[in-house]
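One structure is given below, encoded as structure tokens.
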Amino acid sequence: MAARAYWKGSLKLSLVSCPVLLYPASTSVEKTRFHMINKETGHRLKQQMVDAETGDVVEGDQKGRGYELKKGEYVEIEPEELDAVAIESNHTIDIDAFVPRAEIDRRYLNHPYYIAPDGKSGIDAYAVIRDAMKDQDRVALARIVLTSREHVIAIEPLGKGLLGTTLRYPYELRDEDEYFDGIKSPKITKDMVELASHILNTKAAHFDPAKFKDEYEDALKALVKRKASGKPVKAAEREERPDNVISLMDALKQSLKGKAVAKRQAAAPARRTALRATKKVRRTPARGRRAG
């Protein structure tokens, strides 16, 4: 059963527009979640807001929003004041530009949404916009208002539909120089790089999220199942990490050697099968001669 639409409006390109629906493309519904409970009664706990200084419970009509000017000093912002600066949604995704896909820095990507046509009335316009982007390999940059805030959203073709991904603003990204400037530039030999390249080649693959396995989530589900059925739960033994330090070149060589051994072991059953088949073929004429 399809989820309820998160947003409803129009996708607009110049004078061309079509009604669309927005659906969240990701979900956390399947993740294992826990509630705080009273261990004595087994009842669920409810949280209460308390005054940080007095410890008194604060009732709903006493709660407000405040911006911290300096440590412990707040300016109170009233709900109507927030409403005054809120951006009113016109329920339109206005496309401003089309940019090459490769130019979008992945750090700006935020939340993904499926953009589907709303009814049959605008399906032609929807298909024209989608196919034009496919033809040019371009991504549309548009503006959309969600929860009283305006967002930039990148729109691109995805199968028969469109994928919209809200983008972060530059002020939301940290400057990489703060983290990378202190990285030294050691002298790496060509042999080391070549060995590392060989290891990379042994692990070459294609992106396949179907192979992703959330081992912790699986362990949580197994834990809950065992506890619910009254079975004991044993703590897994932690693997000890080796503390011996070896040179980078030795580590690369051992890694490559390990991959080669694993590859030979994986190929061994096939070789043995082929060898048995060859011997069987060689023995067959001899049996025929003895029989004659």
Side-chain angles (χ1 to χ4, degrees), residues 1-4 6 22-39 42-45 47 101 104-114 154 156 158-159 161 163-168 172-174 176 178-180 183 192-193 195-273:
M1 182 178 179
R4 180 181 298 180
Y6 176 74
L22 238 69
Y23 299 91
S26 60
T27 178
S28 58
V29 171
E30 297 300 322
K31 280 189 174 292
T32 301
R33 296 182 181 278
F34 297 100
H35 297 287
M36 298 299 295
I37 62 171
N38 184 336
K39 295 179 69 173
H43 300 157
R44 184 174 173 179
L45 301 180
Q47 291 183 325
R101 186 191 305 269
I104 298 180
D105 188 328
R106 288 178 296 174
R107 293 175 296 175
Y108 284 89
L109 301 177
N110 200 359
H111 298 297
Y113 296 90
Y114 295 135
E156 57 187 308
L158 180 66
L163 175 69
T165 307
T166 54
L167 302 181
R168 298 182 177 95
E172 296 180 273
L173 288 184
R174 292 172 174 167
E176 72 271 18
E178 296 180 19
Y179 307 92
F180 298 158
I183 298 177
M192 288 183 179
V193 176
L195 279 173
S197 296
H198 283 307
I199 296 172
L200 262 63
N201 287 334
T202 64
K203 287 182 170 288
H206 293 285
F207 179 73
D208 183 7
K211 294 182 178 180
F212 295 174
K213 184 178 179 181
D214 191 342
E215 294 184 357
Y216 182 65
E217 180 65 22
D218 293 343
L220 283 178
K221 283 183 167 59
L223 167 64
V224 171
K225 187 175 181 179
R226 288 188 67 85
K227 287 283 288 185
S229 62
K231 296 179 180 178
V233 177
K234 295 182 180 179
E237 295 184 3
R238 299 283 183 180
E239 292 184 5
E240 293 186 6
R241 295 184 178 181
D243 56 0
N244 57 315
V245 179
I246 58 177
S247 71
L248 176 58
M249 178 61 89
D250 289 342
L252 289 169
K253 288 179 178 178
Q254 288 182 22
S255 297
L256 191 60
K257 183 179 179 182
K259 297 298 178 187
V261 170
K263 189 175 181 180
R264 287 198 298 271
Q265 289 175 344
R271 286 201 301 270
R272 286 195 294 269
T273 300

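Note that these values count all heavy atoms, side chains included, but never hydrogens, waters or copies made by symmetry.
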Distance from Leu167 atom CG to Glu172 atom CD, nearest 0.5 Å? 10.0 Å

Going from CD1 on Ile37 to CG on Leu45, what distance comes out if it is rounded to the nearest 0.5 angstrom? 7.5 Å

Which atoms form the tightest heavy-atom contact between Arg174 and Tyr179, and what is the distance? CD-OH, 3.1 Å

Atom pair CG (Leu195) and CE (Met192), whose distance is rounded to the nearest 0.5 Å: 9.0 Å

Less than 4.5 Å apart, side chain to side chain, heavy atoms only: is that true for Leu220 and Lys31? no

Of the non-hydrogen atoms in Leu109 and Arg168, which two are nearest, and what is the gap between them? O-NH1, 2.6 Å

More than 12 heavy atoms of other groups within 6.0 Å of Tyr114 OH: no

Measuring from atom OG1 of Thr32 to atom CG of Leu223, what distance do you get when rounded to the nearest 0.5 angstrom? 9.5 Å

Residue pair Arg226 / Pro232: nearest heavy atoms and the distance that separates them: NH2-O, 2.9 Å

Evaluate whether atom CD of Glu30 has more than 12 neighbouring non-hydrogen atoms of other residues, nucleotides or ligands under 6.0 angstrom away. no

Flag yes if more than 12 heavy atoms outside Phe34 fall under 6.0 Å of its CZ atom; otherwise flag no. yes

Scanning both residues in full, the closest heavy-atom pair of Tyr113 with Leu163 reads O-CD1, 3.3 Å

Is it true that, when you exclude Lys227 itself, more than 12 heavy atoms of the residues, nucleotides or ligands shown sit nearer than 6.0 Å to its NZ? no

